[in-house]
Amino acid sequence: MTKPSEISFDGSLKQCMDAADLTRDLCHDILTMIENQNGLESSNEALVQQCRKQKQLNAMLAKLKDLHRLTIMAGREAKDATSEARREVDRLHLQLQNLYYEQRHLRGEVTACKEFPHKYTSLPLVSEVEFKATHPEYSDYDSHTLMIARLDNEKMVREELEKRRKDLMIKKQALIAENKRRKDDLTSLDDQLKKFIEVCVFRPRSKINIANIM
């Protein structure tokens, strides 16, 4: 059991305990004086001292009542302050739990974003080693900036290839048109040769006007 001397008191409670100790001592003194009389007639000095002790006791009892009332009021105020502090602690604890929940949610979102199958991860990009070899100015860049540079380089290369493809397609279409024209010319020439051969076969002795046949 905790001893009274081991209890930590505030100001009002300590005053109340000190007054109780003094009141107890006065009671002991009065009881001792009464016991010492042993039924004998008390002297005037003893009666005066006993009366003085009794007045002191009455004053201490009145003071003890006031201190007791103040102590109860202080206890109620301390209880109210403790309840308010507990509510504040509960509010902060709930806020902390909400922050933990939000932290877990954000970490999950970050993980999902990192594991999301982005399209650029499936692109046949030039390797970092090869890219740094051809672009040494990016050697000291971080991985994020380096990936952006590789994507920009891939875009530039593909745009250049697309431009060359379109130019080649234009040349191809021109060659196809040229081949078709020559093919038509050859077909027309075959028809003219056939007519010339027919004229030569059926009219060997006549003078053939080649200009008319052609």
Side-chain angles (χ1 to χ4, degrees), residues 1-21 63-181:
M1 184 175 179
T2 305
K3 297 180 180 180
S5 59
E6 296 177 352
I7 302 176
S8 178
F9 300 113
D10 60 3
S12 60
L13 184 57
K14 188 176 186 303
Q15 290 180 3
C16 186
M17 294 299 295
D18 292 340
D21 291 338
K63 182 178 180 181
L64 186 61
K65 288 181 181 179
D66 292 338
L67 291 174
H68 181 261
R69 179 176 56 82
L70 293 174
T71 302
I72 291 177
M73 293 177 63
R76 290 176 180 174
E77 292 178 357
K79 184 177 180 181
D80 293 339
T82 302
S83 299
E84 182 65 25
R86 183 181 292 111
R87 285 192 294 270
E88 180 66 15
V89 170
D90 292 340
R91 185 186 68 81
L92 293 175
H93 180 71
L94 179 61
Q95 185 177 0
L96 181 62
Q97 293 298 323
N98 291 335
L99 289 176
Y100 282 146
Y101 175 78
E102 186 176 358
Q103 182 186 47
R104 289 194 298 269
H105 175 71
L106 292 176
R107 285 182 175 177
E109 292 294 327
V110 171
T111 302
C113 290
K114 289 182 177 180
E115 296 177 354
F116 185 79
H118 297 282
K119 290 185 177 181
Y120 77 88
T121 57
S122 60
L123 293 176
L125 300 178
V126 178
S127 65
E128 290 188 10
V129 177
E130 185 178 353
F131 181 79
K132 289 180 179 179
T134 55
H135 301 80
E137 65 273 13
Y138 292 99
S139 299
D140 298 331
Y141 280 60
D142 58 274
S143 59
H144 177 71
T145 306
L146 184 61
M147 175 58 71
I148 293 177
R150 291 171 62 195
L151 291 172
D152 290 340
N153 179 72
E154 182 69 19
K155 178 184 177 183
M156 182 183 65
V157 172
R158 293 196 177 197
E159 287 178 349
E160 182 64 25
L161 291 176
E162 179 64 16
K163 181 180 178 182
R164 292 175 58 186
R165 186 188 70 82
K166 290 181 178 179
D167 293 340
L168 291 175
M169 285 296 297
I170 293 173
K171 292 181 179 179
K172 178 181 178 182
Q173 294 298 328
L175 290 175
I176 291 175
E178 180 66 18
N179 289 337
K180 185 177 182 302
R181 185 184 63 79

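Values below: every heavy atom of this structure, side chains too, minus hydrogens, waters and symmetry copies. Nothing fancy with the numbering, it's 1 onward along the sequence.
For R165 and E162, the salt-bridge test passes: some basic side-chain N is under 4.0 Å from an acidic carboxylate O.
Proximity of Q95 to R91: side-chain heavy atoms (C-beta onward) are separated by under 4.5 Å at one or more points. Counting heavy atoms from C-beta on, the side chains of M156 and N153 come closer than 4.5 Å.
Crowding of R181 atom CZ: a count of heavy atoms from other residues, nucleotides or ligands under 6.0 Å exceeding 12. Heavy-atom contacts from other residues, nucleotides or ligands closer than 6.0 Å to NZ of K63 number 12 or fewer. The number of heavy-atom neighbours closer than 6.0 Å to NE2 of H135, taken from other residues, nucleotides and ligands shown, is above 12. Counted within 6.0 Å of CG on D167, heavy atoms from surrounding residues, nucleotides or ligands total more than 12; the atom is thus considered enclosed. Around atom CD of Q103, more than 12 heavy atoms belonging to other residues, nucleotides or ligands sit under 6.0 Å away.
Distance check, rounded to the nearest 0.5 Å: CZ of R86 to NE2 of H93 gives 14.0 Å. Between atom NE2 of residue H144 and atom CE of residue M147 there is a gap of 10.0 Å, rounded to the nearest 0.5 Å. The structure places CD1 of I72 at 12.5 Å from CD of E77, a figure rounded to the nearest 0.5 Å. Atom-to-atom distance recorded for Y138:OH and I148:CD1 is 10.0 Å, nearest 0.5 angstrom. Atom NZ of residue K132 and atom OG of residue S127 lie 10.5 Å apart, to the nearest 0.5 angstrom. Of the inter-residue distances, the one linking K171 atom NZ with E178 atom CD reads 15.0 Å to the nearest 0.5 angstrom.
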Worksheet entry | L92 and L96: CA distance, side-chain angles, deciding distance, side chain to side chain contact (heavy atoms under 4.5 Å, CB included) verdict | CA-CA 6 Å; L92 293 175; L96 181 62; over 6 Å; no

Practice prompt. Let me see the working for H105 and E109 under side chain to side chain contact (heavy atoms under 4.5 Å, CB included), right down to the final yes or no.
Written response: CA-CA 6 Å; H105 175 71; E109 292 294 327; 3.5 Å; yes

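Judged by distance alone, the side chain of S139 and the main-chain N or O of P136 form a donor-acceptor pair under 3.5 Å. Side-chain atoms of N179 come within 3.5 Å of backbone atoms of L175 as a donor-acceptor pair (strictly under, hydrogens ignored).
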